[in-house]
Amino acid sequence: MLTVYSDAHLAHAPGHEMHRGVRVEAFERPERALNVLKAVERARLGEIVPPADFGEAPIRAVHADRYVDFLKMAWSRWTGLGHQDDAFPTVWPLRTLRHDIEPENFSAALGLYAMDAGTPLTAGSWGAAYAGAQSALTALDAVLDGRPAAFSLSRPPGHHAGADFMGGYCFLNNAAIAAQAWRDRGAARVAILDVDYHHGNGTQSIFYDRPDVLYVSLHGDPLTEYPFYLGHADETGSGAGAGCNFNLPLPAGASADRWFAELERASAAIRAFAPDALVVSLGVDTAATDPIAHFNLGLADFARLGDRLAALRLPSVIVMEGGYDIPAIGDHVAAALSGWR
Ligand code: OKP
Ligand code: ZN
């Protein structure tokens with residue numbers, strides 16, 4: 001399995017985040033990707049290459065121009081106001097408030113483009129997110145060249161980022177960017193399987209009315225788990241995309257057996273969709289030891305997951321999402337990837 005990796009993420013090193021109303025040390029840290037890189041090397045999974053540069057067009061094929069423009073300039077605007085610490089939104093255009101006009105005030109614009117205060121904007125956010133998108137596109141290129149699968153190892157994650165907003169540590173939606181690029185490069189139907197503990201609200205929303213991209217997600221029930229406001233079972237797609245969104249929420253604390261039973265339902269939905277291509281949003285925060293999530297997978301379960309994913313026998317791009325048990329994240333990811341050996 002080819003791994004695509006850039007160290008541009010090192011410059012996105014948030015000091016703290018807001019978590020349930022209090023300031024805590026950031027969970028989403030550079031060591032996550034560094035430990036995955038080490039484990040991929042240790043497991044001899046294959047070649048590790050830097051991303052090529054496909055430019056902004058494939059990013060803008062998914063994300064709104066004004067959002068991308070804001071993200072690129074955000075850090076220089078923030079520091080231009082005299083700040084040195086990470087930027088957080090503090091005001092949001094909730095129901096009845098307008099989204100069509102971008103305020104000139106920086107914090108108000110940040111609130112327009114952010115779903116939570118848990119996503120620190122840092123000096124390296126744009127660079128890290130850009131490199132992550134390019135890594136996903138490079139992994140796609142390798143699969144289009146004939147490899148059965150390729151892994152995009154990046155951080156921060158992407159699946160909470162919508163067409164025009166950041167959130168849940170995410171800025172650019174790498175899975176959506178890869179899926180859209182795959183469509184633009186010839187795949188008629190693309191399935192996205194999201195096995196991160198959290199529902200990928202951004203990915204779902206980007207493709208919700210589309211019949212050509214199936215989104216399937218296994219996740220903690222949004223009644224109690226982030227992102228809270230999307231991810232219920234009755235969200236099945238709209239318009240031409242009706243039937244092309246499949247959510248499998250599970251209660252926090254669900255057993256590994258229960259999780260694998262739901263994975264079979266997800267796999268059956270993917271087979272029924274008969275896609276040409278698969279994008280996997282691989283989050284390993286389903287681990288029993290994860291500090292912010294509540295499923296119960298162990299190391300052997302991640303290997304079993306890899307076997308099930310590879311058994312779909314679809315050309316696959318695997319993108320890194322969450323996983324916050326930092327000492328174990330590498331082994332968990334390497335175990336999942338070993339299915340494609
Ligand atoms: C990202 B991914 C909100 C704090 C909650 C968000 C968790 C994001 C998980 N104030 N943290 O899906 O692993
Ligand atoms: Zn997650």
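Whatever order the structure lists them in is the order used to number ligands and atoms, beginning at 1. Only a predicted model underlies this, so the values are computations on that prediction, with no experimental measurement involved.
- Residue contacts with ligand 1: Glu28 is excluded, as none of its non-hydrogen atoms falls under 4.0 Å.
- A donor-acceptor contact closer than 3.5 angstrom is absent between the side chains of His219 and Asp194.
- Of the N and O atoms on the side chains of Tyr226 and Asp116, at least one donor lies less than 3.5 Å from an acceptor on the other residue.
- Among all non-hydrogen protein atoms, the one lying nearest atom 7 (C) of ligand 1 is Tyr226 CD2, 3.8 Å.
- Considering only non-hydrogen protein atoms, atom 13 (O) of ligand 1 sits nearest to Tyr324 OH, 2.6 Å.
- As for Asp285, its N/O/S atom nearest the Zn ion (ligand 2) is the one called OD2.
- Side chain of Arg155 to main chain of Arg29: a donor-acceptor pair is present (N/O by atom type, distance under 3.5 Å, no hydrogens or angles).
- Looking at Glu31 and Lys38, no side-chain N of the basic residue comes within less than 4.0 Å of a carboxylate O on the acidic one, giving no salt bridge.
- Between His198 and ligand 1, an N or O atom pair is found at a separation short of 3.5 Å.
- Asn247 and Gln204 are linked by a side-chain donor-acceptor pair at a separation below 3.5 angstrom, with hydrogens and angles left out of the test.
- The option with the heavy atom closest to atom 11 (N) of ligand 1, from among Tyr197, Phe27, Tyr169, is Tyr169.
- In the model, Ser217 has no side-chain atom that pairs as donor or acceptor with a side-chain atom of His199 under 3.5 Å.
- The N/O atoms of Glu17, backbone and side chain alike, include none that comes under 3.5 Å of an N/O atom in ligand 1.
- Side chains of His63 and Asn173: a donor-acceptor N/O pair is absent below 3.5 angstrom, by distance only.
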What verdict does the salt bridge (Lys or Arg N to Asp or Glu O under 4.0 Å) test give for Glu56 and Lys72, after you've listed the backbone C-alpha separation in whole Å, the side-chain angles of each residue and the deciding distance to 0.1 Å?
CA-CA 11 Å; Glu56 288 181 14; Lys72 283 175 69 177; 2.8 Å; yes
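- The protein heavy atom nearest to atom 5 (C) of ligand 1 is His19 ND1, 3.7 Å.
- Counting only N and O atoms by type, the side chains of Ser135 and Thr138 include no donor and acceptor under 3.5 Å apart.
- No side-chain donor from either of Arg185 and Gln180 sits under 3.5 Å from a side-chain acceptor of the other.
- Here is the list of ligand 1 atoms found below 4.0 Å of a heavy atom in Asp196: 2 (B), 12 (O), 13 (O).
- Ligand 1 has a nitrogen or oxygen under 3.5 angstrom from a nitrogen or oxygen of His160.
- With hydrogens left out, the protein atom closest to atom 10 (N) of ligand 1 is Met18 O, 3.1 Å, a heavy atom.
- A donor-acceptor pair under 3.5 Å links the side-chain atoms of Asn105 to the main chain of Ala108, judged by distance alone.
- Near Asp285, the atoms of ligand 1 lying under 4.0 angstrom from a non-hydrogen atom of the residue are 13 (O).
- Near Gly322, meaning under 4.0 Å from any of its heavy atoms, are these atoms of ligand 1: 13 (O).
- Note: an N/O pair closer than 3.5 Å links His159 and ligand 1 by distance alone.
- Of all N/O/S atoms in His198, ND1 sits nearest the Zn ion (ligand 2).
- The nearest N/O/S atom of Asp196 to the Zn ion (ligand 2) is OD1.
- The Zn ion (ligand 2) lies at 2.8 Å or more from every N, O or S atom belonging to His159.
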